[in-house]
Amino acid sequence: TFGQFLTVLFIALGLWAFGVYIGNIPNFFLSGTLTFFDFGPVVLPYFAYVMIGAPILEELVFGKFILDRIHVYGEVTAAFASALIFGLIHQNSGQFFLAFFIGILFATVYMKTGKIIYTIIMHAIINTLGSVTGLLSLWKINVPPVYEYSAIALLGIIGLLIMIRSKNNEILAIKKNPCANNLAAFDSPGFAMMTVYTTITLVAADLLTTLMSLIIDGAI
């Protein structure tokens, strides 16, 4: 229902905000800033991809194509596996946690409803909110960090409170499959290679980012 959609959307925003703060703890202490998306060149086509293209592509790949093949191992295993790869593929800790948390939620919604359009829309809304300050910068409008951090924190608190109150909501209930070998979902050589590769690149990217921050700050 529309009410359930809004409930899950706010829960997704809460998990996103929580993931932003958890994943950006190292960045915050190094530079005092939070990292949301790597905007690259600040151009409209890139934002169009972030807000429209990425939600469609990522939900089809990490949602539909992966979950359709591994949900037989149990909804818990399938949600965790797809969310893990979704988080690792971002290759930075600033986005890993938020992607992992909402990845589990989106996987649950897709397995419960069978309709990927719901998660695509929610994904697009979240990416759009994460792009607001970058879009405003195109018109030379700079949002003070304190406003940005406060807005994210407020969304997080509201979303997490709704999640706590909705813990018995049927649409959020996922379960293991007692008749399947849950670990078998991770036995695929391709899945194992992807997990190892993305983990290594995530750690390497974080270490390089930290090193460059220290060099720029004159610490080393």
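Values reported hereafter were calculated over all heavy atoms of this structure, with side chains retained and with hydrogens, waters and symmetry mates removed.
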Rounded to the nearest 0.5 Å, what's the gap from CG on Asp68 to CE on Met111? Could you check? 10.5 Å
Hey, any chance Met163 and Leu161 share a hydrophobic cluster, counting ILVMFWY side chains that come within less than 4.5 Å of each other, even indirectly? no
Note: Ala12 and Ile102 closest approach over all heavy atoms is O-CG2, 3.5 Å
Is there a path from Phe10 to Ile121 through hydrophobic residues (I, L, V, M, F, W, Y) whose side chains come within less than 4.5 Å of each other? yes
Can you find a heavy atom in the side chain of Ile158 that is under 4.5 Å from one in the side chain of Leu13? no
Looking only at the aromatic ring of each residue, does the gap between the centers of Phe106 and Tyr118 stay below 6.0 angstrom? no
With a 6.0 Å cut-off (strictly less than), is the heavy-atom count around CZ of Phe100, excluding the residue itself, greater than 12? yes
Locate the shortest heavy-atom distance separating Lys64 from Ile116; write the atom from each residue and the value. N-CD1, 3.8 Å
Could you give the distance from CG (Leu155) to CG (Leu160), rounded to the nearest 0.5 Å? 10.5 Å
Could you pull out all residues at least two apart from Ile85 that satisfy side-chain contact (heavy atoms from CB on, under 4.5 Å)? Phe62, Phe191, Met194, Thr195
Step-by-step side chain to side chain donor-acceptor pair (under 3.5 Å) determination, Tyr49 to Asn127: CA-CA 10 Å; Tyr49 170 74; Asn127 278 20; over 6 Å; no
Identify all side-chain donor-acceptor contacts of residues 52-61 below 3.5 Å with residues at least two apart in sequence or on another chain.
| unit_1 | atom_1 | unit_2 | atom_2 | d |
| --- | --- | --- | --- | --- |
| Glu58 | OE1 | His123 | NE2 | 3.2 |
| Glu59 | OE1 | Thr119 | OG1 | 3.0 |
| Glu59 | OE2 | His123 | ND1 | 2.7 |

Quick one: do Ile141 and Met51 end up in the same hydrophobic cluster if we chain Ile, Leu, Val, Met, Phe, Trp and Tyr together by side-chain heavy atoms under 4.5 Å apart? yes
Just how far is it from atom CZ of Phe86 to atom OG1 of Thr198, taken to the nearest 0.5 Å? 13.0 Å
Shortest non-hydrogen separation from Ala83 to Gly103 and the atoms involved: CB-C, 3.6 Å
Applying a strict under-4.5 Å side-chain criterion to I, L, V, M, F, W and Y, I'd like to know whether Ile157 and Ile164 cluster together. no
Establish whether Val196 and Leu88 are linked, either directly or via other cluster members, by ILVMFWY side-chain heavy-atom contacts under 4.5 Å. no
